[in-house]
Peer 1: 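Okay, handing you the structure first.
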Amino acid sequence: MSSSNGGLSSATNGRSGSTGSANINLNLKGQERSIAAGPGAGASGATTTSITHKTLPDLKTQRSNSACHAHESLSALRRIVLPEKPPEKPLSYAAAQSRVLGKEAKEGHLVYCEGRLHSGPLQSLIVHMVPTHEYYPDDGFVFAFLLSARLFVRPHELLAQISQTWEQQDVGAGGDAVDDAGQVPGRPMLLSINSASPLTQRKGSATAVSASSSELEPRPQQRTSTQRSAQYCIRLLSEWIEIFPYDFRDERLMQQVRILARKCVYIDNSLGKQVSRILQLLVSRLTSLEQYEEFLQTLTSEEASNQQQQHHHHGHHHHLHNAFQTFLGTSSHTNGASGGGSASGASNSSSSGHTSSASTSNSISTTPQPDEVFGIMDMCPSCADLAHQLTAIELERLSHIGPEEFVQAFTKDYQQQAKDGGKESSKGKGSGGGSLNDMKKTRNLESYVQWFNRLSYLTASEIVKYPKKKQRVRIIEYWIETARECFNIGNFNSLMAIIAGLNLAPIGRLKKTWAKVQSAKFSVLEHQMDPTSNFNSYRSTLKAAMWRSEGATEERERIIIPFFSLFVKDLYFLNEGCSNRRLPNNHINFEKCSQLAKQVMEFNEWKKVNCPFEKLPNVIAYLQHSAVLNENTLSLASFECEPPENTEEKDRYKTVKAETKQQLLQQLQEQQQ
C-alpha cells in the first residue's frame, strides 16, 4: 500500500509480519500524491497503451524501414496521444452586487463562466458580500467567501471593510452617517447595546439560549430602504456567527460586531432584540467549545500519565505479563472492583482511577488469570451497543470541528505563521503582525484524528490483555462484529480504526490465534475498505450512504461518518490544486474556492446529525479514558502471547526491550533534574 493512504499502510500490512503503526497525522506536505492521481493516472496509461498498439508499425515486417518512416510514425503517435485543448468557455462580466451579466470586461468587474462566479478582485468580492436594501448575496457565495477569504484578509479586517462599505452605501442612498459609537453626531443615542464581549458574558451569569436560524429572522413589517438594508446586514452577521462561530473568539472581531450592531440598531430600533438573541447564541456555542477543549485537555493529561506508568512498570518487572498486569491496575482492576462494569465504577475509573490505582500497582506481580482480566467485552457484551457508543463519540467530536479548520490546516501561510508565531509573540502581544491568534488553531480537527489512532490501539490493547488463545479469539471476533455494525450504521471512521487495529503488526503476527478466528466477515470488511484504486470500493459505499441519507425518514438513516483520514487527504489535494488562488490578473480564483467549499459544506451537513442511540456513560468513559498500550508495550505484550518464531521477530523483541529501557532511563533522569 502506498504511504499516502492516511498512515494506514503499515497497519494494513501488519498480518504479514511487518512492523507498523496505525498513527495518522496531518503532515501531508511531504507525502506522495499517488492517492489523488490513482484512477486518473491508470486510465491515462491504459489509453496510451492501446493507442501505441494501433499506431506503432509491426516490428517483424518493418525492421528495414528508414529513420524517416520511424520519425513520421512517432509524429503521428504524438498527434494522436496529445489531447486537444478543450474549447474555451465564454466569459461574462458584472459589477459587484449586480446579477446583470454583460460581455464587456471592465476594471473591478467580477468574471462569470456559464453563470457561475469565476474570479474577481478581492475588493470587488468584498463589495459583493455587502447587502443593500434590494440585494443579498447567495448562500453559496457567503459560505465559500467566508471560508476562503481568511487566506487573504483577517476576519476582523473583513468585517471592518464590510461595515465601512455598507455605511458608505447607506449614506449614498440618503441615510444618516453613524459613527463607531452607533449614533449620529448631534443626536442622542436611542438605544444602547451592552458593549461587553460574549467572551466576558460567558464568565458571568449569561444564559445560553439555543436559537435556530429561523428564530433569528425578524417578523416581516413595513420598512424603509435603509431599514431593510440594516436588516440584511444583521442577517449576514447572523449567518457568519452560525457557520463560523469560532472566528468570534477574537476580541478584535467582536469589537467590529459591536460597532456594526450599534449602527444597525440605530437605523432600526426593532433589531435590538434580534441582536441580543444572536449574541446569546454565540455565547452558547463558545461556551460549549470551551467545555469541549477542557475535556480534550483532560484526555491529553491522562494519556501522558498512562505512558509514564507503562515505562515505569517495565523497568521493575522482567516478565511482560507481570508488568502488563500492573498496568491493568490503572484501568481494569479499578473497574472490576465496582462489580464488573457498573456505571459508577466506570465513571470513577475514567477520572480518579488512574491515580488511586497507581499507588498500589507495584504490589501486583503475578501473571493475570482469565477471570481477573476486565475488558470492553465485560462492560458491553453487545457488539451493536458498542457500535452505537462509538457512533455517539464520533458525532460528538465531529460537531466541534469548525469548517474553517480544513482551510487553516493546509495553507502554507498558516504553516509559516506557526513557525513565526513564537517570534511575533515575543515582540509583544499588542503587535498587529501575523501570529497564531490571527488563525484559529486546528485543535478540534487534530484531536479527532488522534481519536482514530486511540481507537486503533485500544482495539489491539484489548486483545493482548488475555493470556489464553481462546479468549483472544473471542475478543477478535467481538471487534470484527462491532466493525460490521459500524458499517451498517454508516460509521466508516470507527470501522476503519478497528480494521487498522486488527491489522497492526503486534496483532497480525498472532498466527496461532488468527488460525482459530472465523474471519470471513473480516475479509468482507477489508474488501469494502480496500485502499486499491484510490479506495474505490469505499467511495462507492459512501455514495450509497449519501443517497440513503438524502431520502432518510428517521435520524439513524442520516448518519454519515466518513473515513476521516481519507476525507482530509482529499481536501488537502483539492486545497493544493487551489493553492494558486491568485490569477495572473491578480484576481481571486473563486471557482477553486467554491470547489473546496462544496466539499466542506457536505461535511457541515454530516456533523449536524443528532445521535439517535441511547448513550451508555460507563462504556463511553471506558472508550475515551481507559489506558491504552503504546507501540513498544503492545509489541512486548504480543511476544508474551505468542513468543517470537523467527530471527526477525527475535531481533524486534530485543530492540523493543532496549528502547523501553532507554525511555525509562530518560524519564528517571528528567525526574532527578
Side-chain angles (χ1 to χ4, degrees), residues 1-14 20-26 28 31 33-36 38-39 387 390-399 401 405-406 409-410 444-459 479-480 482-504 522 524-549 558-575 599-600 602-607 609:
M1 182 187 302
S2 171
S3 61
S4 63
N5 291 334
L8 292 176
S9 56
S10 53
T12 317
N13 292 329
S21 165
N23 282 337
I24 297 175
N25 57 63
L26 296 179
L28 301 173
Q31 292 188 1
R33 303 192 181 185
S34 59
I35 187 173
L390 289 172
T391 302
I393 294 173
E394 298 274 0
L395 290 174
E396 172 67 19
R397 291 188 173 232
L398 279 179
S399 68
I401 298 177
E405 293 189 53
F406 294 108
F410 304 134
N444 301 321
L445 188 151
E446 292 169 357
S447 68
Y448 188 58
V449 174
Q450 292 167 2
W451 155 250
F452 178 97
N453 296 332
R454 171 183 170 78
L455 180 55
S456 296
Y457 277 89
L458 175 64
T459 300
W479 280 118
I480 292 174
T482 300
R484 193 178 71 86
E485 292 290 341
C486 289
F487 177 84
N488 292 335
I489 292 172
N491 181 0
F492 301 111
N493 199 57
S494 291
L495 164 63
M496 182 56 93
I498 294 173
I499 292 177
L502 294 174
N503 276 314
L504 283 171
F522 187 52
V524 173
L525 294 176
E526 283 189 309
H527 173 72
Q528 289 290 338
M529 307 303 287
D530 185 1
T532 57
S533 300
N534 196 11
F535 287 88
N536 183 60
S537 296
Y538 160 71
R539 294 183 189 278
S540 298
T541 304
L542 180 62
K543 287 182 180 179
M546 294 171 64
W547 293 334
R548 181 186 68 178
S549 179
R558 295 184 58 224
I559 296 175
I560 298 177
I561 303 175
F563 172 29
F564 197 67
S565 173
L566 184 61
F567 179 76
V568 170
K569 187 176 294 295
D570 288 343
L571 289 181
Y572 168 74
F573 288 121
L574 182 58
N575 185 76
Q599 299 293 326
V600 177
E602 281 185 348
F603 171 83
N604 245 23
E605 293 301 316
W606 295 342
K607 74 173 190 175
V609 177

Peer 1: Please report the closest heavy-atom contact between Cys486 and Leu390, naming both atoms and the distance.
Peer 2: SG-CD1, 4.1 Å
Peer 1: Test your reading of the model: is there a side-chain donor-acceptor pair from Tyr538 to the backbone of Phe563, 3.5 Å cut-off?
Peer 2: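 Side chain of Tyr538 to backbone of Phe563: a pair is present.
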Peer 1: Once you round to the nearest 0.5 Å, how far does CG of Leu504 lie from CD1 of Ile499?
Peer 2: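 Result: 12.5 Å between the selected atoms.
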Peer 1: What's the spacing between Leu566 CG and Asn534 CG if we round to 0.5 Å?
Peer 2: 6.5 Å
Peer 1: For the pair Ser494 and Leu455, evaluate side-chain contact (heavy atoms from CB on, under 4.5 Å) and give the outcome as yes or no after the intermediate values.
Peer 2: CA-CA 8 Å; Ser494 291; Leu455 180 55; 3.9 Å; yes
Peer 1: So which heavy atom on Leu525 is nearest to which on Ala483, and how close?
Peer 2: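 That would be CD1-CB, 3.7 Å.
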Peer 1: Please give me the minimum heavy-atom distance between Ser447 and Arg397, naming the atom from each residue.
Peer 2: O-NH1, 3.4 Å
Peer 1: Any side-chain heavy atom of Leu571 sitting closer than 4.5 Å to one from Phe603?
Peer 2: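 No, every pair of side-chain atoms sits at 4.5 Å or beyond.
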Peer 1: Is the closest side-chain heavy-atom distance between Gln599 and Glu602 below 4.5 Å?
Peer 2: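 They are in contact (side-chain heavy atoms under 4.5 Å apart), so the answer is yes.
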Peer 1: Taking Thr482 for its side chain and Ala387 for its backbone only, find out whether a donor-acceptor pair lies under 3.5 Å.
Peer 2: no
Peer 1: Are Phe492 and Thr541 side-chain neighbours, meaning at least one heavy-atom pair lies under 4.5 Å?
Peer 2: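 Phe492 vs Thr541: side chains touch.
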Peer 1: Can you find a side-chain donor-acceptor pair between Thr391 and Asn491 that sits under 3.5 Å?
Peer 2: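 Their side chains do contain a donor-acceptor pair, which is all the 3.5 Å distance test asks for.
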Peer 1: For Glu405 and Asn444: C-alpha separation, side-chain torsions, deciding distance, then whether side-chain hydrogen bond (donor to acceptor under 3.5 Å, both in side chains) applies.
Peer 2: CA-CA 8 Å; Glu405 293 189 53; Asn444 301 321; 3.3 Å; yes
Peer 1: Can you name the nearest heavy-atom pair linking Lys607 to Leu398, along with the distance?
Peer 2: CD-O, 3.4 Å
Peer 1: Would you say the side chain of Phe406 lies within less than 4.5 Å of the side chain of Val568, judging by non-hydrogen atoms?
Peer 2: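 Yes, close enough: below the 4.5 Å cut-off.
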Peer 1: After noting the C-alpha distance and the side-chain angles of Phe535 and Leu542, does the key distance pass the side-chain contact (heavy atoms from CB on, under 4.5 Å) rule?
Peer 2: CA-CA 10 Å; Phe535 287 88; Leu542 180 62; over 6 Å; no
Peer 1: Is there a side-chain contact (heavy atoms from CB on, under 4.5 Å) between Asn493 and Phe567? Walk through the geometry before answering.
Peer 2: CA-CA 10 Å; Asn493 199 57; Phe567 179 76; over 6 Å; no
Peer 1: Which pair of heavy atoms, one from Ile560 and one from Ala545, lies closest together, and at what distance?
Peer 2: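 Where Ile560 meets Ala545 most closely, the heavy atoms are CD1-O, 3.7 Å.
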Peer 1: Could you walk me through whether Phe522 and Ile498 satisfy the side-chain contact (heavy atoms from CB on, under 4.5 Å) test, starting with their C-alpha distance in whole Å, then the side-chain angles of each, then the deciding distance to 0.1 Å, before giving a yes or no?
Peer 2: CA-CA 11 Å; Phe522 187 52; Ile498 294 173; over 6 Å; no
Peer 1: So which heavy atom on Leu495 is nearest to which on Met529, and how close?
Peer 2: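 Taking Leu495 first and Met529 second, the nearest heavy atoms are CD2-SD, 3.7 Å.
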Peer 1: How about Phe564 and Phe452: are their ring centroids closer than 6.0 Å?
Peer 2: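 No, they do not, as the ring centres are separated by 6.0 Å or more.
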Peer 1: Below 4.5 Å, heavy atoms only, C-beta onward: do Asp570 and Arg539 meet side chain to side chain?
Peer 2: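 Result yes, sub-4.5 Å side-chain heavy-atom pair found.
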